[in-house]
Protein chains: 2
Amino acid sequence: MTDGPDLAERFAAWQDLGFDPHHCPVRDVLSHLGDKWTTLIIASLAGGTRRFGAIHRVIPDISKRMLTQTLRDLERDGLVTRRVFPTSPPSVEYSLTPLGGSLLRPLAGLVDWAERNHPAIRAARTRFQAEP
Amino acid sequence: MTDGPDLAERFAAWQDLGFDPHHCPVRDVLSHLGDKWTTLIIASLAGGTRRFGAIHRVIPDISKRMLTQTLRDLERDGLVTRRVFPTSPPSVEYSLTPLGGSLLRPLAGLVDWAERNHPAIRAARTRFQAEP
DNA sequence: TCACAAGGTCTATAAAAGAGACCGACAGGC
DNA sequence: GCCTGTCGGTCTCTTTTATAGACCTTGTGA
């Protein structure tokens, strides 16, 4: 219940402050989370350290290119660490940083909502499509 | 604290169920939320009903095309209702449905995280850029 | 008569995502 | 020795999305 001010108040406050869209933290952060693969990758690392190939096996329909890129972005933002072992073939381990780990809780709230309301959303879509 | 199972367990459970990527509710739902404008629009409707132009004024750097499209998507998913008044010039009101409203709480959690950790993320970026 | 408002649509262009071939170094089978 | 496979990528090409911004319609008031 102590979620702090709700979105409406918060949004109003931003407006009042002459809010610069390009420095909005929410955009900055959420635009990454929406990057289609980000949430899944974070979820796959929630259980602990994983290697590149392991993540790929767990999310089979991502291309290596996008997997690399998304992991780099997460590393860049300090949510994920990357450790290279100079073996051959190379071995690379990824894991969540404390910062990345701290994202799990709010993310779980959203995932929870998604699972709970998915049926309702699907129903809404069917209804919408059936309209004239 | 009663967030239900955490992401790691949940993810593992999906895996075990022979998890079909294309029917994953999380992808289905979160891919929209990440659509860059979705969260902002929902936030702007958190305070109550707003007209098209009002939303546009509050999020000045969205194109009308994307605003229309994002609102349609939200309407399609049952998160937003659209009411047209056949005046002239036309007048259209948007508001959150109960389903849309129920998203505010988990979303606020994420926004909260984003605000709180934005400095850390920015610092991480600077650090990353400074690397060899 | 003219410009302007609201809530869009349409088009042309730029950015991003996806598929999938390729790479480099080694290990094992034959 | 030679061929094959593994790991963690990168590179190129094509398709998909997003963006900017011009245009449309129907009235109103100056």
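Naming convention: chains lettered A, B, ... in sequence-line order (proteins, then strands); numbering from 1 in each chain.
- Comparing C:dA6, D:dT6, D:dG9 by their closest approach to the side chain of A:Thr68 singles out D:dG9.
- The distance from atom CZ of A:Phe85 to atom C1' of C:dA25 is 18 Å, rounded to the nearest whole Å.
- Electrostatic pairing of A:Asp6 and A:Arg10 does not count as a salt bridge here, judged by no charged N lying under 4.0 Å from a carboxylate O.
- Taking 4.0 angstrom as the limit, B:Tyr94 places none of its side-chain polar atoms (N or O) nearer than this to OP1 or OP2 of C:dA6.
- Checking the phosphate oxygens (OP1, OP2) of C:dG8, a side-chain nitrogen or oxygen of B:Arg72 falls inside 4.0 Å.
- Note: CZ (B:Phe52) to C1' (C:dA5) measures 14 Å, nearest angstrom.
- Atom-to-atom, CG of A:Asp35 to P of C:dA17 comes out at 6 Å; the value is rounded to the nearest Å.
- B:Met66 comes within contact range of at least one nucleobase, with a heavy-atom separation under 4.0 Å.
- One interatomic measurement links the two molecules: CD of B:Gln69 to P of D:dT16, which rounds to 15 Å at whole-angstrom precision.
- Atom CH2 of B:Trp37 and atom C1' of D:dT17 are 14 Å apart (whole Å).
- A salt bridge between B:Arg83 and B:Glu93 is present, with a side-chain N of the basic residue lying under 4.0 Å from a carboxylate O of the acidic one.
- For A:Arg82 and D:dG9, the shortest distance from a side-chain N or O to OP1 or OP2 is below 4.0 Å.
- Rounded to whole Å, atom C1' of D:dC7 lies 17 Å from atom CZ of A:Arg83.
- In this structure, A:Ser88 and B:Arg57 both approach DNA chain C, and ranking their closest nucleotides by distance from the 5' end singles out B:Arg57.
- Each of A:Thr97, A:Leu45, A:Asp35, A:Leu79 was checked for a side chain to side chain contact (heavy atoms under 4.5 Å, CB included) with A:Leu74, and the lone residue meeting it is A:Leu79.
- In this structure, the nucleotide among D:dT6, C:dA5, D:dA20 sitting nearest to the side chain of B:Pro89 is C:dA5.
- The two residues A:Trp14 and B:Glu115 have their closest heavy-atom pair at NE1-OE2, 3.2 Å.
- Residue contacts for B:Arg65: at a heavy-atom cut-off of 4.0 Å it reaches a base atom on one of the strands shown.
- Of the candidates D:dG8, C:dG18, D:dT19, the closest approach to any side-chain atom of A:Lys36 belongs to C:dG18.
- No continuous path of hydrophobic side-chain contacts links A:Tyr94 to A:Phe85 [ILVMFWY only; heavy atoms under 4.5 Å].
- Taking atom CG on B:Leu67 and atom C1' on C:dG7, their separation rounds to 10 Å, with Å as the unit.
- Straight-line distance from the CD1 atom of B:Ile62 to the P atom of C:dG8: 12 Å, rounded to whole Å.
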